[in-house]
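Each remark here refers to the structure printed beneath this line.
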Amino acid sequence: MVKIIFMPRLDEEQEKGMVVEWLKAQGDFISQGEEIVEVMSEKVSFIIESPLKGTLHKIFVEVAEEVPIGTTIAIISEVEDSPDLLAKAIVEAEEQLKQLEIPIVATKIEEIEVTQKREVVEVKPERIKISPIAKRLAKEHGLDITKIEGTGPGVRIVKEDILRAIEQRRVIPAVPEEVERIRLTGVRKIIAERMTQSYQTAPHVTVMMEADASNMAKIRKEFEEKTRARLSYNAILIKAVTEALQAYKIFNSTIEGNEIRIHTNINVGLAVALEDSGLIVPVIPDADKKLLKELNTTIEDLVQKARQKKLLLSEVKGGTFTISNLGMYEIDGFTPILTPQQTAILGVGRIAKKPIVVDEDSIEIKPMMILSLSFDHRVVDGALAAQFLRHLKNTLETFTPVL
Amino acid sequence: MEKGLHNEISNEKLVSLYREMVRVRLFDDKMGEFYARGLCPGTLHLSTGQEAVAVGVCANLTKEDLVTSTHRAHAHTVAKGTPMNVTAAEILGKVTGCCRGRGGTMHLSWPEVGMLYSSSIVGAGAPLAVGAALSATLRKTNQVIASFFGDGAANTGGFHESLNLASIWKLPVVFVCENNLYAISVSVKRSTSVKDIAVRAKAYNMPGFAIDGNDVIEVYKTARIAVERARKGEGPTLIEAKTYRHHGHYYGDPGTAYRTKEEVEEWKKGDPIVRHRKYLLERTIASEEQLNNIDKEVEEEVAEAEKFAIDSEFPGPEELERFVF
Amino acid sequence: MSTQREINMAEALNEAMREEMRRDPTVILMGEDVGVLGGVYGVSKGLLDEFGPERVRDTPISEDGFVGAGIGAAITGLNPIVEIMYPDFLPCAMNQITNHMAKLRYMTGGQLTVPLTIRSAIIQGRGSGADHAQTLIPWFVQTPGLKVVVPSTPYDAKGLLKTAIRDKAPVMFFETAKLYLNKGPVPEDEYLIPFGKADIKREGTDLTIVAICNLVLEALEAAKELEKEGIKAEVVDPRTLVPLDKETIINSVKKTNRIVVVDNNPSACGVAAEIAAIVAEEAFDYLDGPIMRVATLQIPEPVAPPLIKLMLPNKEKIITAAKKLF
């Protein structure tokens, strides 16, 4: 059966999707359930698995191209598919793309594929015995293992054989420096674009202030005693930030042309670092209306989804203020870059015990934390930012939020 | 025990024995209801009909004294003073349970009131009790350890090893055999070499008492002798309290494949709570109204525990790997 | 600076218990023949005299009973050491070990702790028959909640036993009787060895040999022989199997690309099997050949000395396995 692979809808509001990476090449044989292609909506990525066993017959949409939901991005064929049906499917897909005015990806083998598919017999190459480390080294150095003779037990290619081959190659005239090249795709690409845009448009200023985290620890302890659940400091931070934003509404705004729009909703984004590099900012909508407990479970849920790359578009959209917490990486203070369309971002440093002078002449050891507030100088000025930050500090040090 | 023995026990105590038995009964009834509603993970063993043993023994113990229990653990747990709410929550596997949802019905523990542990491996609790008694002796805490087990356990090696160890080391243990006549389906007549398990005490050079386990006053008085001996450093005692479970082995077991209906009905007539209530009323130790009030108060206590247990959360994934070491 | 005196492993273990019993009055010792006789190998010699019959107790032959009692004492404030003469007798107490000792802390939601140490002396290869020859170590490694210690030198034995006694978790401490008289440097000054830290007993670049108990010595002998043929073997002694120092083993494999794991247990689901699996999972791309196991054969131990030799791992078998990798 000829199987059309569509650009899928990943979120209710999504209209278009982009191909992030083809995990299989045109002409590759694929088994059922095997990963074929990574696609994404604005920030949510998704891997499409093959619904059947067959051949990735033709790819229509290249990496980094955006097409509407439902567009054919590839066709998978089975051995018994009739060439007529295949040809028809290809024509239909191409027609569809033409209407979108998206260039059709040229392919060298398509003609032959259609007619010769039936005769293609899978030939299993002779297995080359090679140890895991030898295989890895060969790959890293771009060596063709079919040309290397194994000297290990049972003529296995072992590490020594690869090292010898590398050494031999060195004798050959100098090759240009080998640079590892990483293509900017997917999330990385988006981060690059957005950060550049933000940094170049908004004049950034960062102010910093140290806060005593004892009260936060107290809140956490009380919460944990009452619920026997762990409370994330981020939940407390978000709670306090919403209170400060209510007092200084200008920090919850967007500058557009000659206008500053102050938002009525307080939607707080929380930057989450992803394991394979990259960053995503899930948003807690109406954070000011949530109890600490709700904030805590919402954060937990969003962070987990973020790490598993399961966030919906609706869960990363609409932020009005962002918190970036690098405390767990033992950062003291930093100068965060604004999320585009927002006026301020709070950078949170680690909590560390420090000697603090109290009552003028005595020293106490207290858990301290540096708050770094970056803001858009077009919207607000340093003095106001300082007041906002002081308000936030006082809130964190004294408030007793409803659990 | 119609010998006026109660004269040696205060009226207040006699009434409190009633209250404790009602607490055990109504708590177990509620757990049975939980199970029927599909709320309990695992299986459930009820003590209905055996309340006098747990209550009569625990009434002699201080808060510091320790108890080891069995797979049929609710009676001992409640009688030893573990709050009903944490017990009920544990039986439902909730994080607020005494063992944070890790032990369940058969493995209850609340050391702060001396409810040390209930082991669901038949016969395995006795060695723990011996060790706790050794510890109490060496640390000079003057604690007594009551180790509950059933007739089935009296045929395990661990039981015999424990009696011997407690005897040679003169440890403050009260071994309490709740002989409910059946180890699941096997009658004690078919499994046990002696008519009275209590005679095995002789082989280990300690006193043994075979008593009516459905007479809470007799249990109380016998346990008092054993606890006092232990407290004075005179060594262990074996009490065999003959009793009967109204339910089958577990909740849902009709218990009639190996017991006749007549036998079950006959034993139900000797319900320890009914007997003791009659005793209190006939001798005007307590009024009908007073006892009804106790029933009502206990019902409220159980209802609160029910609410607590139902409203509590299951442990989250962060609990999974805690306390392995 | 402590003087580098040499004592044997039995003396080192005796010192460990003596020092801990002096330090902590809740430490007691129980077991068969540990008191008047001072242990069948003299490991607890003199402890009865110093600490008295309350704290050093000869028990009847009731392993289920006195291991259970050790657990009962441990959960109520004592810090007992229980000796089970040989691991072959551990099955008599297995119910208490696996159902109580290992799990009470978890099953009571952390309310009870079981600071109990069980010591037992392996007598593998002595010709006493199959029920006086086993280590059964994998049984305990497989039981969540137990820590498992397998020392090979007097120094390690002393430092690890002191740590075991102080550890709040239950510990299975496996001694090897044939090592009792082996001497080695043991400082006079007090020291502890943390669990989960392997010791590289010999450094090398071409091959990693992981071994436990007396087989560490066989591995060192094998390494000497291999060096004559130009193979530099690194010998890693994990010292504790739970917790296991995976990092040291994996780092060694990353360096040498080859590994032989030596185990005093049958190969099926054994210690070597577990270490081999970890290396396969976590260092696969560093391997230059298959992971080799040298374990006991999957048979009960016979009495006839030539057959024992065939059954147990030794220097020659380690060398044979190693050479298959070159």
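Order of the sequence lines sets the chain letters (A, B, ...), proteins ahead of strands, with each chain counted from 1.
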#### Entry: By side chain to side chain donor-acceptor pair (under 3.5 Å) - contacts of C:T26 (at least two apart)
C:D24

### Message
Going by side chain to side chain donor-acceptor pair (under 3.5 Å), name the residues that satisfy it together with C:K324, two or more places apart in sequence or in a different chain.
### Response
none

#### Entry: Within residues 103-117 of chain C, residues adjacent to chain A where the heavy-atom gap is under 4.5 Å
none

### Query
According to the salt bridge (Lys or Arg N to Asp or Glu O under 4.0 Å) rule, which pairs have a member within residues 253-262 of chain C, sequence neighbours left out?
C:E234-C:K255, C:R258-C:D288

### Query
Above 12 or not: heavy atoms from other molecules or residues under 6.0 Å from CD of A:E49?
yes

### Task
Evaluate whether atom NZ of C:K317 has more than 12 neighbouring non-hydrogen atoms of other residues, nucleotides or ligands under 6.0 angstrom away.
yes

### Task
Give a yes or no on this: more than 12 heavy atoms of other residues, nucleotides or ligands lie within 6.0 Å of atom NZ of A:K135.
no

